[in-house]
There are 2 protein chains.
Amino acid sequence: MKKYINVLTGSILFKNIKEEQINEILKLGDFNIKEYDKNECIYHKEDTVKKFGILLSGKASIIKEDYWGNKNIVTNINKGDLFAEIFSILYEEPLNVSVVSTENSRILFINISNILNSNKSSEVINIFTKNILRIISKKTLILNKKIEYLSKRNLRDKILSFLSDQAQLNGNKSFYIPFDRQQMADFLATDRSALSRELSNIQKEGLIEYNKNHFILK
Amino acid sequence: MKKYINVLTGSILFKNIKEEQINEILKLGDFNIKEYDKNECIYHKEDTVKKFGILLSGKASIIKEDYWGNKNIVTNINKGDLFAEIFSILYEEPLNVSVVSTENSRILFINISNILNSNKSSEVINIFTKNILRIISKKTLILNKKIEYLSKRNLRDKILSFLSDQAQLNGNKSFYIPFDRQQMADFLATDRSALSRELSNIQKEGLIEYNKNHFILK
DNA sequence: AATAATACGTTGCATTTGCAACCAAAAGGA
DNA sequence: TCCTTTTGGTTGCAAATGCAACGTATTATT
């Protein structure tokens with residue numbers, strides 16, 4: 001545990017909370033840590049979960065899969081991130097998304113309800129609650145972004161709105177996206193070959209330049 | 001104000017909070033109330049907002065509009081609902097969505113940050129914070145649902161996943177959706193005529209029956 | 001180094017979709 | 001009641017897209 005405490009102190013979840021208080025909260029949340037190999041399933045979409053996860057090391061993706069198996073990456077998860085979809089636990093609904101490790105990963109699980117509903121109305125719990133609020137607010141913004149991309153009437157506009165946001169995010173016209181081609185297609189809810197074709201078209205018209213996951217906007 | 005207090009006591013935002021304490025919170029949040037005619041703009045997407053709104057009476061829609069003016073209804077807002085997108089205030093980002101009244105409406109504005117950051121770490125504030133958490137969690141679920149629809153590879157599947165969720169929501173194969181045809185098209189990010197055509201096709205194949213905004217799944 | 005596996009681009013084709021134009025029915029106003 | 005406005009269905013057409021199949025370059029494995 002100790003070796004990961006700096007991941008936790010660095011995470012938004014425990015922002016403004018001291019190390020010894022973090023331990024206190026973890027205990028309250030009946031925490032445990034589990035390791036996963038690459039491509040292992042961390043949560044399955046039909047699970048109803050009590051605890052939710054924080055990625056201590058490695059990488060993972062939140063994936064939505066439809067009836068026929070079309071996969072759609074909702075978000076990538078990086079170190080320190082928590083799986084905000086898991087807020088469905090507050091409503092005790094099934095997840096309806098799966099979480100899959102994309103690298104060897106180590107995950108901390110805690111029972112949020114335990115913490116939120118602990119009768120101790122201490123200052124720490126208060127800060128913790130606000131931190132969660134902040135995280136899920138950000139999640140909402142990200143989901144809204146995604147809806148913005150998906151709402152475009154054609155693939156070209158989906159691509160361009162996504163790329164221009166990525167550029168903005170990186171503060172540079174030249175940037176790397178965190179997806180390979182198939183993942184990008186899944187994220188934009190389209191077909192890989194259709195995506196390749198359209199990227200190619202856009203490049204021919206001189207709007208962008210790209211190679212693999214590196215892009216330059218013109 | 002008094003005539004709306006029951007709207008507030010009935011809302012999730014003030015759940016488990018007594019009437020006199022609601023007043024206390026409202027004061028802390030520097031509240032005000034404003035009226036809007038049908039089709040008036042309540043928030044514009046470029047606004048950066050300090051206060052956010054709770055619909056006391058009437059109806060409104062959260063609308064995303066792209067560069068070329070294609071409108072996309074993100075959600076409808078009903079009595080007691082608050083505009084969760086406005087959680088961007090926690091990040092002080094521009095809204096990037098607009099809120100428009102679809103009926104004559106009356107809206108209560110409060111400054112959430114004032115309340116959350118008030119040093120009084122009273123029990124009431126604590127409950128209030130949890131209520132907000134609950135609301136935005138639900139919002140996240142709704143956004144996830146929407147992403148699920150929009151991620152379908154073709155219009156038919158968008159329609160069918162939307163309708164089957166609506167049926168589930170109403171607990172009945174026969175139900176009314178809260179959209180007219182144009183709004184439904186905007187919500188599913190497609191063209192109205194394309195939507196009509198596909199609905200018609202699906203009906204011909206006997207999967208659904210419909211008339212205006214009333215649907216029956218087979 | 002040889003081989004296998006993966007990632008990405010390309011292309012043909014059938015289907016879907018956006019768009020525009022038009023018509024009919026229903027609702028609202030004068 | 002008559003006229004206007006709104007709402008929704010239909011259709012033709014061009015363009016976009018999903019899908020499958022295939023080729024090549026890159027990366028991983030032995």
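What you see is a predicted model, and the numbers here were worked out from it, not measured in a lab. Just so we're on the same page: letters track the sequence lines, and every chain starts at 1. All heavy atoms count here, side chains included; hydrogens, waters and symmetry mates do not.
Atom NZ of A:K152 and atom P of D:dA16 are 17 Å apart (whole Å). Residue B:E198 contributes atom CD, which lies 13 Å from atom C1' of C:dG18 at whole-angstrom precision. One atom, CZ of A:R153, and another, C1' of C:dT17, lie 11 Å apart when rounded to the nearest Å. Computed from coordinates, the A:D191 CG to C:dT16 C1' distance equals 14 Å when rounded to whole Å. Nucleotide C:dT11 holds its P atom 10 Å from the CG atom of A:N201, rounded to whole Å. Per the geometry, CG belonging to B:L195 stands 13 Å off C1' belonging to C:dG18, to the nearest Å. Rounded to an integer number of Å, the gap from A:L150 CG to C:dT17 C1' is 17 Å. Taking atom CG of B:L155 as the reference point, atom P of D:dG18 lies 13 Å away to the nearest angstrom.
Among all heavy-atom pairs drawn from A:L217 and A:A167, the shortest one is CD1-CB, 3.7 Å.
Shown here are the salt bridge (charged side-chain N to carboxylate O under 4.0 Å, His left out) partners of B:D180, two or more places apart in sequence or in another chain: there are none. Residues satisfying the side chain to side chain contact (heavy atoms under 4.5 Å, CB included) test with A:K212, not counting sequence neighbours, are none. With sequence neighbours left out, B:F215 forms a ring-ring contact (aromatic ring centres under 6.0 Å, His included) with B:Y210. Judged as a ring-ring contact (aromatic ring centres under 6.0 Å, His included), and not counting sequence neighbours, the contacts of A:F179 are A:F187. Remark: B:R197 engages no residue in a salt bridge (charged side-chain N to carboxylate O under 4.0 Å, His left out) (not counting sequence neighbours). Legend: residues meeting salt bridge (charged side-chain N to carboxylate O under 4.0 Å, His left out) with B:K218, ordered by chain and number and at least two apart, are B:E209. Residues that satisfy the salt bridge (charged side-chain N to carboxylate O under 4.0 Å, His left out) test with B:E35, not counting sequence neighbours, are B:R106.
Taken over five-pair windows at either terminus, the axes of the helix from C:dA1-D:dT30 to C:dA30-D:dT1 are inclined to one another by 50° (rounded to 10 degrees).
Between B:D186 and B:R192 there is no salt bridge, since no side-chain N of the basic residue sits under 4.0 Å from a carboxylate O of the acidic one.
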Please write out each protein N/O paired with an N/O of nucleotides 6-13 of chain D under 3.5 Å, distance rounded to 0.1 Å.
unit_1, atom_1, unit_2, atom_2, d
D:dG8, OP1, B:R181, N, 3.3
D:dG8, OP2, B:R181, N, 2.9
D:dG8, N7, B:R192, NH1, 3.4
D:dG9, OP1, B:R181, NH2, 3.3
D:dG9, OP2, B:R181, NE, 2.9
D:dG9, OP2, B:S196, OG, 2.9
D:dG9, N7, B:R192, NH1, 3.0
D:dG9, O6, B:R192, NH2, 3.1
D:dT10, OP2, B:S200, OG, 3.0
D:dG12, O6, B:R197, NH1, 3.3

